[in-house]
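Right, one structure below, let's go through it.
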Amino acid sequence: MKVHVCAKTVLMVQRYLERICDAIDRLVERKALNSFYVGVQGNNENSISSVADYIINLSERKIKLINLKLLTDLALENCPLLSAQILIERYMDNEKSADIAKRHNLAERTYFRRLTEALENFSFTLAKLGFSENRLLDYISTEKWIMEVYNRIYNARSDDTVVIDANRLGKLVAG
């Protein structure tokens, strides 16, 4: 049974959100600066309205990503301390399970029970903040790169580690 896939996705993409927002800022700046040049064929690629639409769409994406980061931070703050620490170390810092268990003086089996409990706490906290699994999935569904992470987590076996390729991520964000 696939549970907490959205919660895992949000936690895994958290470390990339700031970089993606910076990349969006650079895209906006580049588009605005290059909009001065008008093609000889008279295409509308650099028309005022197309440039404005492009910048507005990127700005809306950035707002959504910032809100996702704030939502994740708020949910982690409202989780019990050990749960938040385990989630941050496991999904955001991408540390190995054995290292996390050792750091918290837990047996590996106990660690995995605590990880499951932490994911339940995080999902419950997100739901209390108004973001159930379905609403969260709807919220992130327009971001291709986040949905790719979601699909990889959804299709992975429970013992698989999902790795995000930075080069592929850059291509998905720009597109």
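Hydrogens, waters and symmetry mates are skipped; everything else that's a heavy atom, side chains included, is used.
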Short side-chain to backbone donor-acceptor contact, Asn57 and Asp53, under 3.5 Å: yes

For the student: nearest non-hydrogen atoms of Ile66 and Cys21, plus distance: CG1-SG, 3.8 Å

Smallest separation among heavy atoms of His4 and Ser123, with atom names: ND1-OG, 2.8 Å

Same apolar cluster: Met147 and Ile24, side chain cutoff 4.5 Å: yes

Nearest heavy-atom neighbours spanning Arg15 and Tyr91: NH2-O, 3.6 Å

Arg135 side chain to Gly130 backbone, donor-acceptor under 3.5 Å: yes

Ala32 to Ile55 - nearest heavy-atom pair and separation: CB-CD1, 4.1 Å

Carboxylate-amine/guanidinium contact Glu143 Arg61, below 4.0 Å: yes

Partners meeting ring pair (Phe, Tyr, Trp, His ring centres under 6.0 Å) with Phe131 (sequence neighbours left out): Tyr139

Salt bridge (Lys or Arg N to Asp or Glu O under 4.0 Å) between Arg90 and Glu95, intermediate numbers included: CA-CA 5 Å; Arg90 174 70 180 108; Glu95 293 184 20; over 6 Å; no

Minimal non-hydrogen separation, Val5 against Ile153, with atom names: CG1-CG2, 3.9 Å

For Glu133 against Ala7, the heavy-atom pair lying closest together: OE2-N, 3.9 Å

Counterpart residues, salt bridge (charged side-chain N to carboxylate O under 4.0 Å, His left out), relative to Asp93 (two or more places apart): none

From CD1 (Ile140) to OH (Tyr150), nearest 0.5 Å: 7.5 Å

Enumerate, atom names and distances included, each donor-acceptor pair closer than 3.5 Å involving a side-chain atom of residues 68-85, sequence neighbours excluded.
residue	atom	partner	partner atom	Å
Thr72	OG1	Gln14	OE1	3.4
Thr72	OG1	Leu68	O	2.8
Asp73	OD1	Gln14	NE2	3.0
Asn78	ND2	Leu74	O	3.0
Ser83	OG	Asn121	ND2	3.0

